[in-house]
Amino acid sequence: MVKAIKKIGVLTSGGDAPGMNACIRAVVRTGIYLGKEVVGIKQGYQGMVDRKFVNMDSHSVCNIIQLGGTILKTARCDEFRTYEGRQKAYKNLKKEGIDALVAIGGDGTFTGAELLSREFDIPVICVPGTIDNDLYGSDFTLGYDTANNTVIEAIDKIRDTAASHDRLFFIEVMGRDSGCIALWAGTAGGAEAILLPEKDTGIEDLIQKLEKGADSNKSSSIVIIAEGDKNGGAYHVAKLVKEKFQFYDIKVTILGHLQRGGSPTSFDRVLASRLGYAAVKALEAGETRKMVGIRGNRVKLTDLVESINNNSFKLEEDLMEMSTILTI
Ligand code: F6P
């Protein structure tokens, strides 16, 4: 028989992502609606280890749906990677009366949640929250749409100045292991070339492409590079291209952490609300060690282990193929 849940702990962990607050709001309000108490755990797993708990009521999540970042804060916690650290965290949860968890974050968050749940038999449901969109089992992760819109705005602005000065720009976007932002935002921003960690694009290929552009009187170009691209980052690629293309005035922009902030788009707010709501409903239905994701615009559950083990390649094949044609 499934034990009734009385008190749910909610936390955000790993890199922050726009939409996390909207998700916290949905977890708190759904939990309260179902007659549970909800406790916020500050700074992710670190707060679990250090007993940083805060009681959440409906009012505590007023006016946060539109905010970027996370009101619960986030951290990476080395202690939680050890069994002893997780044991300490679990004892703290017990003392607080927390008997189930909703963890919002990326694959590191999922790994921690899965271990804690298995070792100490506490139900957990995870919500995919990372701008990288690199989690198996969900078409989209919280923050990805907002980050894409931030990047597109930047590309559009850089294009104005690139065209005015006849310059070649290399713009580096986030994605340590994932080319999702680069591919999506590069497509939407009409980039002349897109370099991704998932695809080996040699410098020679890139140069050939840029040469073709120059031959057809293109006077300015934008190349999007995911930070995890194997060629070694935007500055390095720019240097290699400059050696072949002396005549080009080349500039580099690293967009960096501005991609992680900002008010979530309507898509991210609704996705976050749906998944936060679904996470609490899943706990109530006796589910555990699952991720709530969105697939084909329907909420779906995926085993955490399955999600963790399959996160290597997620790019849309048609977008990859299309981008090589449309970027000419
Ligand atoms: O949130 C995901 C991500 O932005 C990666 O693309 C990036 O490499 C990483 O986080 C950097 O995060 P931090 O600066 O927190 O280490």
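Order of listing sets the numbers, starting from 1, for every ligand and every atom in it. Atom set for the values below is all heavy atoms of this structure, side chains included, hydrogens, waters and symmetry mates excluded.
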Who else is in the cluster with L93 when I, L, V, M, F, W and Y are joined by side-chain contacts under 4.5 Å? L11, V39, I41, Y45, M48, V49, F53, F80, Y83, Y90, I98, L101, F110, L116, F120, I122, V124, L135, M291, L304, I308
Please identify which atoms of ligand 1 are closer than 4.0 Å to at least one heavy atom of H257. 13 (P), 14 (O)
Thinking salt bridges, do E153 and K157 make one under a 4.0 Å N-O criterion? yes
Does ligand 1 have any atom that is closer than 4.0 Å to a heavy atom of Q259? no
Regarding K6 and E37, does a basic nitrogen lie under 4.0 Å from an acidic carboxylate oxygen? no
Which residues satisfy the side chain to side chain contact (heavy atoms under 4.5 Å, CB included) test with H165, sequence neighbours excluded? T161, R167
Option nearest atom 5 (C) of ligand 1 (shortest heavy-atom distance, choices D132, T141, V173): D132
Contact partition for R260 relative to ligand 1, non-hydrogen atoms under 4.0 Å: side chain
Could you identify the single nearest non-hydrogen protein atom to atom 4 (O) of ligand 1 and state the distance to 0.1 Å? M174 SD, 2.9 Å
What residue and atom, counting heavy atoms only, is the protein's closest point to atom 13 (P) of ligand 1, and at what distance? R76 NH2, 3.3 Å
Do the side chains of E306 and K290 get close enough for a salt bridge, i.e. N-O under 4.0 angstrom? no
Which of the atoms in ligand 1, numbered in the order shown and given with their element, are less than 4.0 Å from a heavy-atom of E227? 5 (C), 6 (O), 7 (C), 8 (O)
Is any NZ, NE, NH1 or NH2 atom of the basic residue among K244 and E204 found under 4.0 Å from an Asp or Glu carboxylate oxygen of the other? yes
